[in-house]
Amino acid sequence: MVWTKPYGMKEGFLIGGGLIIAGLMLELCSGPVDWDAFRWPVNGIVIAGFLALIAIIFLLRKRVYGFQFIGTYQAAIPALVYAVVLTVIMGLKRQTADGVWLDNMLSFWPFVLIYVYIAVILGQIILRRMLHFNSWRRDIPFLLNHLGLFLAMTTATLGNADMQRLKMITVKGEPEWRALTSQQQIVEMPIAIELKEFIMETYDDGSPRRFASDIQILTKTGKNIQTTVEVNKPVEVDDWKIYQYGYDTQMGTMSQYSILELVSDPWLPLVYTGIYMMLAGAVCMFILGGRKRV
């Protein structure tokens with residue numbers, strides 16, 4: 001029978017299925033998730049509230065059986081199955097920023113709700129292991145892996161709203177401090193860039209082999225940087241990474257302007273911290289596991 005205690009895999013799949021249905025209803029009623037609405041400080045408030053929710057569920061787990069079930073593998077495995085299926089679909093479908101439903105899975109409500117559910121399950125597992133910590137050999141690698149995954153998941157998702165990706169057209173000899181969004185809106189930047197020289201090296205047939213820009217960067221903090229930016233070799237200034245993006249293809253080597261891409265992702269260090277924690281956990285498992293076998 002279903003919903004007879006103790007709950008098992010059947011109930012786990014029903015909960016996941018219920019989240020999928022709820023997500024589809026939200027998608028129909030309100031459209032895709034609007035991540036721009038989660039810009040700072042909203043995303044900070046959401047993360048604080050989400051952590052409080054996880055703590056409340058954990059504290060009430062002995063009073064509410066459903067909360068206790070969330071921290072079990074019978075809940076985790078079905079949730080992971082749903083997540084894997086949706087992720088595979090995302091890999092098979094071409095994803096676009098203005099796509100809808102399966103064409104923009106990161107803003108697709110069922111996909112988002114399943115991953116939020118997994119984060120809640122992960123939080124319960126972490127708190128339970130911390131409460132019953134009794135072996136550094138076993139528990140430290142476990143916590144590093146799971147805390148790292150939780151940190152990377154939450155900050156990569158909610159921090160994405162604060163990421164800026166802009167284009168700046170720099171003309172030789174003219175400082176530029178304005179950039180364009182993907183919607184062609186003008187944004188005044190905290191840095192000014194002047195193109196000193198556009199550099200292009202070509203193959204014998206005239207096709208470009210390498211192109212780069214000698215630039216001067218001025219910041220509001222008083223920095224004056226002379227550097228070269230080229231494809232796959234960005235320059236980092238303050239919170240911005242500057243990439244070589246394009247040039248006047250008609251003029252080629254004689255191009256008088258260079259198109260730069262400026263990217264700011266303030267949450268990226270936290271995402272990297274989570275990834276490094278998972279790597280550290282894997283290393284600890286390998287070292288401590290090896291010592292135990294010896």
Quiz prompt | Any side-chain heavy-atom pair of Leu144 and Cys284 under 4.5 Å | solution = yes
Quiz item: Does Thr253 reach the side chain of Phe198, with side-chain heavy atoms less than 4.5 Å apart?
Solution: no
Quiz item: Do you know which two heavy atoms are closest between Ala119 and Phe150, and how far apart they sit?
Solution: O-CE1, 3.4 Å
Quiz item: Taking the side chain as C-beta and beyond, is there a heavy-atom pair between Arg61 and Arg128 under 4.5 Å?
Solution: no
Quiz prompt | Rounded distance [0.5 Å steps], OG1 in Thr170 versus CG in Leu260 | solution = 4.5 Å
Self-check item: Minimal non-hydrogen separation, Pro208 against Met200, with atom names
Solution: CB-CE, 4.1 Å
Exercise. Of all the heavy-atom pairs spanning Leu158 and Asn43, show the shortest one and how long it is.
Key: O-ND2, 3.2 Å
Quiz item: Relative to the ring of His146, is the ring of Phe142 parallel (under 30°), tilted (30 to 60°) or perpendicular (over 60°)?
Solution: parallel
Quiz item: Taking side chain as C-beta onward, heavy atoms only, is Leu24 less than 4.5 Å from Trp109?
Solution: no
Exercise. Check Pro110 against Glu27 and note the closest heavy-atom contact, atom names and distance.
Key: CD-OE1, 4.4 Å
Practice problem: Evaluate the side-chain proximity of Phe38 to Asp162: yes if any heavy-atom separation is below 4.5 Å, no if none is. | Solution: no
Quiz item: Between atom CD of Glu230 and atom CG of Asp214, what is the distance when rounded to the nearest 0.5 Å?
Solution: 10.0 Å
Quiz item: Looking at CD1 of Ile217 and CD of Glu194, how far apart are the two atoms once the value is rounded to the nearest 0.5 Å?
Solution: 11.5 Å
Exercise. To the nearest 0.5 Å, tell me how far Glu197 CD sits from Lys172 NZ.
Key: 3.5 Å
Self-check item: Nearest heavy atoms of Met189 and Leu262, plus distance in Å
Solution: CE-CD2, 3.7 Å
Quiz prompt | Mutual orientation of the aromatic rings belonging to Trp101 and Phe108 [parallel < 30°, tilted 30-60°, perpendicular > 60°] | solution = tilted
Quiz item: Does Leu166 reach the side chain of Thr181, with side-chain heavy atoms less than 4.5 Å apart?
Solution: yes
Exercise. Report yes if the side chains of Ile20 and Leu86 come closer than 4.5 Å at any heavy-atom pair, otherwise no.
Key: yes
Quiz prompt | Minimum-distance pair of heavy atoms, taken over all atoms of Ala212 and Arg210 | solution = CB-NH2, 4.0 Å
Exercise. With Tyr7 as reference, evaluate Phe69, Phe67, Phe13 under the ring-ring contact (aromatic ring centres under 6.0 Å, His included) test and give the passing residue.
Key: Phe69
Practice problem: Starting from the C-alpha separation in whole Å, work towards a yes-or-no answer on side-chain contact (heavy atoms from CB on, under 4.5 Å) for Asp248 and Met254. | Solution: CA-CA 8 Å; Asp248 186 344; Met254 302 299 292; over 6 Å; no
Exercise. State plainly whether the residues Lys167 and Glu261 are in salt-bridge range, i.e. N to O under 4.0 Å.
Key: yes
Quiz prompt | Validation row: Thr154, Phe50 side chains within 4.5 angstrom (heavy atoms) | solution = yes
